[in-house]
Engineer: 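I'd like to ask you about the structure that follows.
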Protein chains: 2
Amino acid sequence: MAKAATHKPEAGGEASAPASNRATRAAERRNAIVEAAMEEFIARGFAATRLDDIAKRAGVAKGTIYLHFKDKESMFEELVRTVIVPVVARLNALPPPTGSVRDLIETFAGNFLKEVIGTRRGDLVRLIVAEGPRFPSVADFYYREVVSRGMAGMRALIELGIARGEIREKDLARYPQILIAPAMIAVIWQSLFARHAPLDAQDMLRVHLDLIFGERSTT
Amino acid sequence: MAKAATHKPEAGGEASAPASNRATRAAERRNAIVEAAMEEFIARGFAATRLDDIAKRAGVAKGTIYLHFKDKESMFEELVRTVIVPVVARLNALPPPTGSVRDLIETFAGNFLKEVIGTRRGDLVRLIVAEGPRFPSVADFYYREVVSRGMAGMRALIELGIARGEIREKDLARYPQILIAPAMIAVIWQSLFARHAPLDAQDMLRVHLDLIFGERSTT
DNA sequence: CATATATGACTGACTAGTCAGTCATAGTCA
DNA sequence: TGACTATGACTGACTAGTCAGTCATATATG
């Protein structure tokens, strides 16, 4: 077997802190499991992912997973929650509503570009689209926490833009989806077609905003 | 055995034709398998779908599937091809380019609405998004046959619209994705969130076209 | 040393793919 | 035309392998 060095206790400095505290160690383990599970689920989808692989990647025995999660399904559900909650929290900490609506939305788009499109988080979005129909609780959660809030925020911005005369199309407030659609397409594009036709998401989003706000006088 | 009525020869009127011909029957069988497989794959995803269920739904023994397909994977791949090819063929038979560009695109959107959004075909698109990363050959095929062609067609229409002065935003021709994005979002929305917040896709697409072409003087 | 935590070999349910055998139909012959 | 044979489409019980979840044992902690 030569499995003597199962988890290399001598190299125990993964975290800078000694982490001798039980609760801390447990939290670290749970974290490692969540991260490993995320990788595996993204790469293979829910059904095709093996718990053995997650355990191996997390540097943990399979049984350990069951100390933290009831079963594979609830692990998947909790995983999505765990990863998404901090994102929502950050979105709630909106930047101060100063400057033009276009600037606000451009800032938002820039963040989205950097933190979602083409990243692990983007892959998670694709995963939710993929598994949503078979995990209504995940789809529900995602709708409640991300979609409905995001839509409400966007709608408010659009209405502000209309009130200030920055946006012409008044009906746009009824469909914030139109504002977000190209960003979502960019997320999906990156994981499916980037190999064939790389997409300059930043430029595309700029063109889309030009479409909504009219072209910038100076850039 | 009591298997006397294996496939109800007396009720053999599935197709209007007698279909006594062997080749015809085989084609019918294959068709039934493809249809059943489509339902199952859409409902459960590739990995979670059981061939036993496909066979049962198709009214066929499991072994019969292997007379038509090499294995589960190639069945999935051929299934996607089989379903998509006629769609592409129909798209190639474009309507005559008469009337305004807006009318052309509106007609296209109407067809898309009726034949894709909220239908089995829409679910297939979601399935491709879901399984694409694990089936590069499927993603490749879909890109080659549908995405790149669709994009080229849209780009041509956009350029025509710009030349005729119907479309202001010149850069739009570089990103036909922007034109299509809301339609794709509608497809995904229907399968994930329609329960929570039904989406009037037709109205949304209208608003989107207003955004691109400017509001209609009279509707 | 008593308790909490972690391990991984093990079990049993499940399923992709196989193949020996069946039987409806097509083809042949008188 | 009617009977007899050849064909191969079709069947479904079976095999070999996989993997989620368990639990007796080992290890770390306080």
Side-chain angles (χ1 to χ4, degrees), chain A residues 1-10 12 14 18-33 36-37 40-41 44-79 134, chain B residues 1-12 14 17-33 36-37 40-41 44-79 134:
Chain A
M1 271 301 163
K3 275 320 269 67
T6 302
H7 56 297
K8 320 177 181 171
E10 81 287 351
E14 2 237 50
S20 53
N21 177 312
R22 291 255 262 251
T24 307
R25 280 197 67 81
E28 270 171 17
R29 282 224 193 280
R30 191 195 146 98
N31 228 50
I33 293 170
E40 294 290 329
F41 281 136
R44 301 176 145 65
F46 176 81
T49 290
R50 281 167 300 229
L51 290 192
D52 284 311
D53 289 345
I54 293 176
K56 194 186 293 182
R57 187 188 276 265
V60 148
K62 183 155 63 152
T64 306
I65 291 175
Y66 287 87
L67 299 175
H68 294 271
F69 302 95
K70 182 173 145 282
D71 57 18
K72 194 184 177 188
E73 260 189 48
S74 54
M75 177 168 64
F76 180 69
E77 293 171 4
E78 284 193 47
L79 161 86
R134 267 193 304 148
Chain B
M1 273 298 166
K3 274 322 262 70
T6 303
H7 54 296
K8 322 176 180 170
E10 80 288 349
E14 358 237 51
S20 51
N21 179 313
R22 291 257 260 250
T24 306
R25 282 198 67 81
E28 269 171 19
R29 289 290 215 202
R30 192 195 147 99
N31 226 52
I33 292 170
E40 294 290 328
F41 281 136
R44 302 177 145 64
F46 175 81
T49 291
R50 281 168 301 233
L51 290 192
D52 283 312
D53 289 346
I54 293 177
K56 194 186 294 180
R57 186 188 279 265
V60 147
K62 183 151 65 145
T64 305
I65 292 175
Y66 288 89
L67 299 176
H68 294 272
F69 303 96
K70 183 172 144 281
D71 57 17
K72 195 184 178 189
E73 261 188 48
S74 54
M75 176 167 65
F76 180 70
E77 294 171 3
E78 284 192 47
L79 161 86
R134 264 193 307 148

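Keep in mind it's a predicted model, so treat the numbers as computed, not measured.
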Engineer: Under a 4.5 Å cut-off applied to non-hydrogen side-chain atoms, are Leu79(B) and Phe69(B) in contact?
Structural biologist: no
Engineer: Counting C-beta onward and ignoring hydrogens, is there a side-chain heavy-atom pair between Lys72(A) and Phe41(A) closer than 4.5 Å?
Structural biologist: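 With C-beta onward as the side chain, the pair touches.
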Engineer: Please identify each residue that fulfils salt bridge (Lys or Arg N to Asp or Glu O under 4.0 Å) with Asp71(A), with sequence neighbours left out.
Structural biologist: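 None.
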Engineer: I'd like to check Glu78(A) versus Lys70(A) (side-chain heavy atoms, cut-off strictly below 4.5 Å). Are they in contact?
Structural biologist: no
Engineer: So if I take every side-chain heavy atom of Leu67(A) and compare against dG17(C), dA9(D), dT5(C), which nucleotide ends up nearest?
Structural biologist: dT5(C)
Engineer: CZ of Phe41(B) versus C1' of dA16(C): gap in Å, rounded?
Structural biologist: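 The answer, rounded to whole Å, is 12 Å.
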Engineer: From CZ of Arg30(A) over to C1' of dA6(C), roughly how many Å is that when rounded to an integer?
Structural biologist: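 It works out to 17 Å between those atoms.
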Engineer: Can you check the Met75(A) CE to dG21(D) C1' distance for me, whole Å?
Structural biologist: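 The distance from CE of Met75(A) to C1' of dG21(D) comes to 12 Å, rounded to the nearest Å.
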Engineer: OP1 or OP2 of dT7(C) versus the side-chain N and O atoms of Arg29(A): is any pair under 4.0 Å?
Structural biologist: yes
Engineer: Distance check needed: dC19(D) P versus Asp53(A) CG, whole Å only.
Structural biologist: 8 Å
Engineer: Rounded to the nearest angstrom, tell me the gap between atom CD in Glu73(A) and atom P in dC19(D).
Structural biologist: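 Those two atoms, CD and P, are 18 Å apart.
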Engineer: When rounded to the nearest 0.5 angstrom, what is the spacing between CG in Leu51(B) and CD in Glu40(B)?
Structural biologist: 10.0 Å
Engineer: Closer to the 5' end of DNA chain C via nearest nucleotide, is it Tyr66(B) or Thr64(A)?
Structural biologist: Thr64(A)
Engineer: With side chains defined as the heavy atoms from C-beta onward, is the minimum distance between Leu67(A) and Arg29(A) less than 4.5 Å?
Structural biologist: no
Engineer: Measuring from Arg134(B):CZ to Glu73(B):CD, what's the distance to the nearest 0.5 Å?
Structural biologist: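 Going from the CZ atom of Arg134(B) to the CD atom of Glu73(B) covers 9.0 Å.
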Engineer: Expressed as a whole number of angstroms, how long is the span from Ile65(A):CD1 to dT22(D):C1'?
Structural biologist: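 Roughly 14 Å, once rounded to whole Å.
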Engineer: Can you tell me the distance, in whole Å, between the CD1 atom of Ile33(B) and the C1' atom of dA9(D)?
Structural biologist: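 Roughly 11 Å, once rounded to whole Å.
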Engineer: For nucleotides 13-15 of chain C, give me every protein contact, N/O to N/O, under 3.5 Å, one pair per line with atom names.
Structural biologist:
from	atom 1	to	atom 2	distance (Å)
dT15(C)	OP1	Arg50(B)	NH1	2.9

Engineer: How many whole angstroms separate atom CD of Glu28(A) from atom P of dA6(C)?
Structural biologist: 11 Å
